[in-house]
Amino acid sequence: RHVVICLGAGMNVISLATGKMIARAANASQALKEVAVSPDGRHVVTGGGWIWNGKMIRTGDYRARIWRLPESVSRPQREIQLVAKLPGHRGSGAGHSALAVSADGGYVLSGGGDDRTAKLWDVAQRKQVVTMATSASASAVALSSDGKLAAAASFDGQVYIWNLESGKPVHTMTQGERNSAAIAFSPDSRMLITVAGDGAACAWDVETGDAMVKTDLGSYGWDCFVLA
């Protein structure tokens with residue numbers, strides 16, 4: 001129904017039906033570096049807090065924000081409604097550099113900063129419910145469509161899959177020398193797809209942790225930031 005466009009600290013929502021802007025957040029209090037839309041199209045989660053311009057520059061607070069999108073294109077609202085703020089990760093670049101929303105919209109998975117964790121947040125209760133350790137800062141995160149698994153890629157080339165019910169790791173895989181710029185579960189939650197900064201793409205078997213398919217995208221890995 002909607003297209004969400006983030007530019008700097010602003011966010012615009014465009015209706016696919018009319019092609020017109022129906023809502024916006026003129027100042028999100030941070031440079032937006034990451035955005036994720038809930039599968040039901042009702043909420044969008046944004047994160048950031050820093051930009052790279054030869055050095056790390058802080059551009060606002062480090063909290064992720066959950067926004068409620070308009071329910072009707074016939075009655076546009078001027079400003080997107082802010083629903084909640086989630087604390088950021090610790091350390092330099094502590095803003096949320098990776099975000100994912102669960103299929104039911106009830107949970108947000110975040111990664112970023114130097115605390116070497118991926119965190120699962122309960123949206124309704126506004127609290128952290130699971131913390132998962134990584135060996136380096138998380139560069140990308142994903143949630144399976146069945147709500148049972150979480151995945152993260154870290155900047156040292158490791159890829160992790162966790163059982164969300166227990167909060168324990170299921171598999172740890174090595175992508176390569178470069179971190180994965182994008183990861184995503186397949187619709188049936190049986191595969192995890194990763195694309196690394198050096199162009200290495202891989203389809204992993206979620207049950208075994210084995211690499212099922214590998215291919216090389218050449219030097220285009222860093223051009224891939226989103227998988228769907």
Side-chain angles (χ1 to χ4, degrees), residues 1-4 16 34-45 47 96-112 117-123 129-130 132-218 220-228:
R1 295 184 300 170
H2 305 126
V3 173
V4 179
L16 288 176
E34 184 73 15
V35 60
V37 180
S38 63
D40 61 9
R42 297 178 60 188
H43 296 89
V44 60
V45 184
H96 296 78
S97 59
L99 292 168
V101 184
S102 64
D104 62 4
Y107 296 90
V108 171
L109 182 65
S110 71
T117 64
K119 299 178 180 181
L120 186 70
W121 304 86
D122 185 307
V123 174
V129 291
V130 181
M132 295 155 282
T134 57
S135 54
S137 180
S139 57
V141 296
L143 289 167
S144 63
S145 60
D146 60 11
K148 297 180 179 180
L149 302 171
S154 57
F155 276 99
D156 60 357
Q158 299 299 301
V159 179
Y160 304 86
I161 299 176
W162 293 278
N163 181 303
L164 286 178
E165 184 176 356
S166 65
K168 295 181 179 181
V170 177
H171 300 294
T172 300
M173 300 90 75
T174 300
Q175 170 74 30
E177 296 181 359
R178 299 289 296 275
N179 66 289
S180 293
I183 62 174
F185 282 98
S186 61
D188 60 7
S189 303
R190 297 175 63 182
M191 290 191 299
L192 180 71
I193 315 300
T194 62
V195 178
D198 59 5
C202 186
W204 306 89
D205 186 310
V206 168
E207 183 176 355
T208 65
D210 295 332
M212 300 171 61
V213 179
K214 288 186 176 181
T215 189
D216 188 358
L217 302 177
Y220 298 102
W222 275 116
D223 292 333
C224 179
F225 294 100
V226 177
L227 281 171

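For the numbers below, each heavy atom of this structure counts, side chains included, while hydrogens, waters and symmetry mates do not.
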Value for OG (Ser144) from CG (Leu164), rounded to nearest 0.5 Å, stands at 6.5 Å
Next on the checklist: I want to check something: taking the side chain as every heavy atom from C-beta on, are Gln158 and Thr174 in contact at a cut-off of under 4.5 Å?
Outcome noted: yes
By side-chain contact (heavy atoms from CB on, under 4.5 Å), Lys214 pairs with (sequence neighbours left out) Cys202, Ala211
Here the gap from Leu149 atom CG to Arg190 atom CZ, rounded to the nearest 0.5 Å, amounts to 13.0 Å
Could you tell me if the side chain of Val159 sits less than 4.5 Å from the side chain of His171, heavy atoms only?
no
Residue set satisfying side-chain hydrogen bond (donor to acceptor under 3.5 Å, both in side chains) with Thr134, at least two apart, ordered chain then number -> none
Rounded to the nearest 0.5 angstrom, the NE2-OG distance for His43 and Ser38 is 6.5 Å
Smallest heavy-atom separation, Lys119 atom then Thr117 atom, equals CE-OG1, 3.4 Å
Rounded to the nearest 0.5 Å, the CH2 atom of Trp121 sits from the CG atom of Leu99 at a distance of 11.0 Å
Just by distance, do the side chain of Ser145 and the backbone of Pro187 share a donor-acceptor pair under 3.5 Å? yes
CD1 of Ile161 to NZ of Lys148, rounded to nearest 0.5 Å, is 14.5 Å
Contacts of Tyr160 meeting ring pair (Phe, Tyr, Trp, His ring centres under 6.0 Å) (sequence neighbours excluded), chain-then-number -> Trp162
Shortest non-hydrogen pair, Glu165 vs Asn163, comes out as N-OD1, 2.8 Å
